[in-house]
Amino acid sequence: MEMNYTIVDSRLGRMLVAATPRGICMVSFGSDDAVLLNALEQEYPKAHIVPGDQRMTEWVAAMLAYLEGSSPILDLPLDVQATAFQRRVWEELRRIPYGETRTYSQIARSIGSQAAVRAVGRACATNPVSVVTPCHRVLRSDGSLGGYRWGLERKKLLLEIEKGEHSQR
């Protein structure tokens with residue numbers, strides 16, 4: 001499999017975006033480029049991974065505009081592997097309007113699996129394309145942030161950006 005990637009500065013730290021010819025397959029955040037690239041190589045050990053092309057530049061620009069709060073819609077092509085359950089959860093997450101949140105139990109109910117609250121949480125935690133599939137919009141029933149693969153500070157910042165509460169750094 002041929003895969004392109006790029007790593008850029010963003011409001012959330014260094015952002016790695018990787019894609020196949022069909023779409024984005026991974027978005028991750030961190031502070032160390034080598035760690036981000038190593039995680040990509042570990043996730044896709046048989047892929048031929050090379051630096052990004054023009055298509056990647058356009059997709060990354062859209063993501064950066066989103067993170068600046070100037071473009072609330074991220075309609076980018078995705079190429080992710082998922083179980084049927086994960087796909088249903090991730091599709092439901094993409095239906096949450098910009099600036100709004102849902103609870104894990106609301107997501108479970110909306111996909112017809114009321115008892116699968118923990119499984120919804122697991123699907124959020126394994127989402128490979130954070131931000132594009134907005135798992136940061138899911139909160140605990142008490143309104144607290146819960147967990148976030150990239151850290152609660154990043155989750156809080158994303159929610160503030162979407163509500164227009166956080167000015168440019």
Side-chain angles (χ1 to χ4, degrees), residues 1 3 5-8 10-20 22-47 49 59-60 63 66-67 74-163 166:
M1 170 190 332
M3 185 177 297
Y5 79 95
T6 189
I7 302 173
V8 298
S10 78
R11 290 182 77 180
L12 301 178
R14 298 294 282 164
M15 178 176 70
L16 177 141
V17 179
T20 69
R22 293 178 19 178
I24 296 171
C25 61
M26 187 173 186
V27 178
S28 57
F29 296 97
S31 58
D32 185 291
D33 291 7
V35 171
L36 290 169
L37 184 54
N38 185 52
L40 175 64
E41 291 167 343
Q42 293 296 314
E43 185 68 25
Y44 298 97
K46 295 183 180 180
I49 300 171
W59 292 346
V60 170
M63 293 182 70
Y66 171 86
L67 292 173
L74 269 180
D75 187 20
L76 300 172
L78 298 177
D79 184 8
V80 295
Q81 300 294 321
T83 66
F85 182 83
Q86 286 172 318
R87 192 162 304 283
R88 287 192 346 247
V89 170
W90 296 343
E91 287 171 1
E92 189 63 26
L93 297 180
R94 293 187 86 182
R95 285 193 271 279
I96 302 171
Y98 184 85
E100 293 185 20
T101 59
R102 300 290 185 271
T103 65
Y104 294 101
S105 58
Q106 286 174 317
I107 298 297
R109 274 194 308 276
S110 68
I111 63 169
S113 297
Q114 294 179 14
V117 175
R118 291 187 68 163
V120 167
R122 181 74 181 135
C124 290
T126 58
N127 169 20
V129 287
S130 58
V131 179
V132 181
T133 297
C135 52
H136 62 275
R137 294 181 187 156
V138 185
L139 306 174
R140 290 182 176 161
S141 294
D142 66 3
S144 65
L145 295 180
Y148 188 60
R149 182 179 190 178
W150 308 112
L152 291 182
E153 284 302 313
R154 286 186 177 105
K155 183 172 185 171
K156 181 180 177 197
L157 179 57
L158 281 165
L159 294 172
E160 289 173 352
I161 290 167
E162 289 190 4
K163 290 182 180 176
H166 201 278

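What you see is a predicted model; the values in this text were computed from it and never measured.
- Looking at heavy atoms from C-beta onward, V132 lies out of side-chain contact with W90 at the 4.5 angstrom threshold.
- Side chains of V8 and M63 form no contact here, defined as non-hydrogen atoms less than 4.5 Å apart.
- Between V120 and E92 the shortest side-chain heavy-atom distance does not fall below 4.5 Å.
- Looking at L12 and W150, their side chains never come closer than 4.5 Å, going by heavy atoms from C-beta outward.
- In this structure, D75 places its CG atom where only 12 or fewer heavy-atom neighbours from other residues, nucleotides or ligands lie under 6.0 Å away.
- Residue pairs meeting the salt bridge (Lys or Arg N to Asp or Glu O under 4.0 Å) criterion with at least one member in residues 109-138, sequence neighbours excluded, are R137-E162.
- Residue pairs meeting the side-chain hydrogen bond (donor to acceptor under 3.5 Å, both in side chains) criterion with at least one partner in residues 24-45, sequence neighbours excluded, are R14-D33.
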Margin query: Apply side-chain contact (heavy atoms from CB on, under 4.5 Å) to residues V129 and L76 and explain how you reach the verdict.
Written below: CA-CA 11 Å; V129 287; L76 300 172; over 6 Å; no

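- No side-chain heavy atom of S10 sits less than 4.5 Å from a side-chain heavy atom of Y66.
- Atom CZ of R22 sits in a sparse spot, with 12 or fewer heavy atoms from other residues, nucleotides or ligands closer than 6.0 Å.
- Take R88 and apply the salt bridge (charged side-chain N to carboxylate O under 4.0 Å, His left out) test, not counting sequence neighbours, and it matches no residue.
- Rounding to the nearest 0.5 angstrom, the gap separating the CD1 atom in I111 from the CZ atom in R95 is 10.0 Å.
- In terms of modelled atom types and a separation under 3.5 Å, the side chain of S130 and the main chain of V27 share a donor-acceptor contact.
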Next item on the list: Show the numbers, then the answer: is there a side-chain contact (heavy atoms from CB on, under 4.5 Å) between L145 and L159?
Entry: CA-CA 10 Å; L145 295 180; L159 294 172; 3.7 Å; yes

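- A pairwise comparison of heavy atoms in T20 and M3 identifies CG2-CE, 4.4 Å as the closest pair.
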Notebook entry, point to check: Would E153 and K156 count as a salt bridge (Lys or Arg N to Asp or Glu O under 4.0 Å) if you check the C-alpha gap in whole Å, the side-chain angles of each, and the deciding distance to 0.1 Å?
Noted result: CA-CA 5 Å; E153 284 302 313; K156 181 180 177 197; 5.1 Å; no

Next item on the list: Starting from the C-alpha separation in whole Å, work towards a yes-or-no answer on side-chain contact (heavy atoms from CB on, under 4.5 Å) for L158 and L67.
Entry: CA-CA 7 Å; L158 281 165; L67 292 173; 3.5 Å; yes

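- A heavy-atom distance below 4.5 Å is found between the side chains of K155 and L139.
- Closest heavy-atom contact between D79 and G23: CB-O, 3.7 Å.
- Note: I24 CD1 to L74 CG = 8.0 Å, rounded to the nearest 0.5 Å.
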Margin query: Under the criterion side-chain contact (heavy atoms from CB on, under 4.5 Å), I'd like the reasoning laid out for M15 against V60: C-alpha separation, chi angles, the key distance, then a yes or no.
Written below: CA-CA 9 Å; M15 178 176 70; V60 170; 4.3 Å; yes

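- Between P134 and L93, the shortest heavy-atom contact is CG-O, 3.3 Å.
- If you take SG on C124 and NE2 on H136, they are separated by 11.0 Å, rounding to the nearest 0.5 Å.
- In plain terms, the two heavy atoms of L16 and Y5 that are nearest each other are CD1-CD1, 4.3 Å.
- Between C135 and Y148, the shortest heavy-atom contact is SG-CE1, 3.8 Å.
- The closest donor-acceptor contact from the side chain of K46 to the backbone of M1 lies at 3.5 Å or more, if one exists at all.
- The side-chain heavy atoms of L78 and R94, taken from C-beta on, include a pair separated by under 4.5 Å.
- You'll find the side chain of R149 stays beyond 4.5 Å of the side chain of T126, heavy atoms only.
- Under a 3.5 Å cut-off, the side chain of R102 and the backbone N or O of I107 do not form any donor-acceptor pair.
- Summarising the geometry of I161 relative to Y98, their closest heavy-atom pair is O-OH, 3.6 Å, with the distance given to 0.1 Å.
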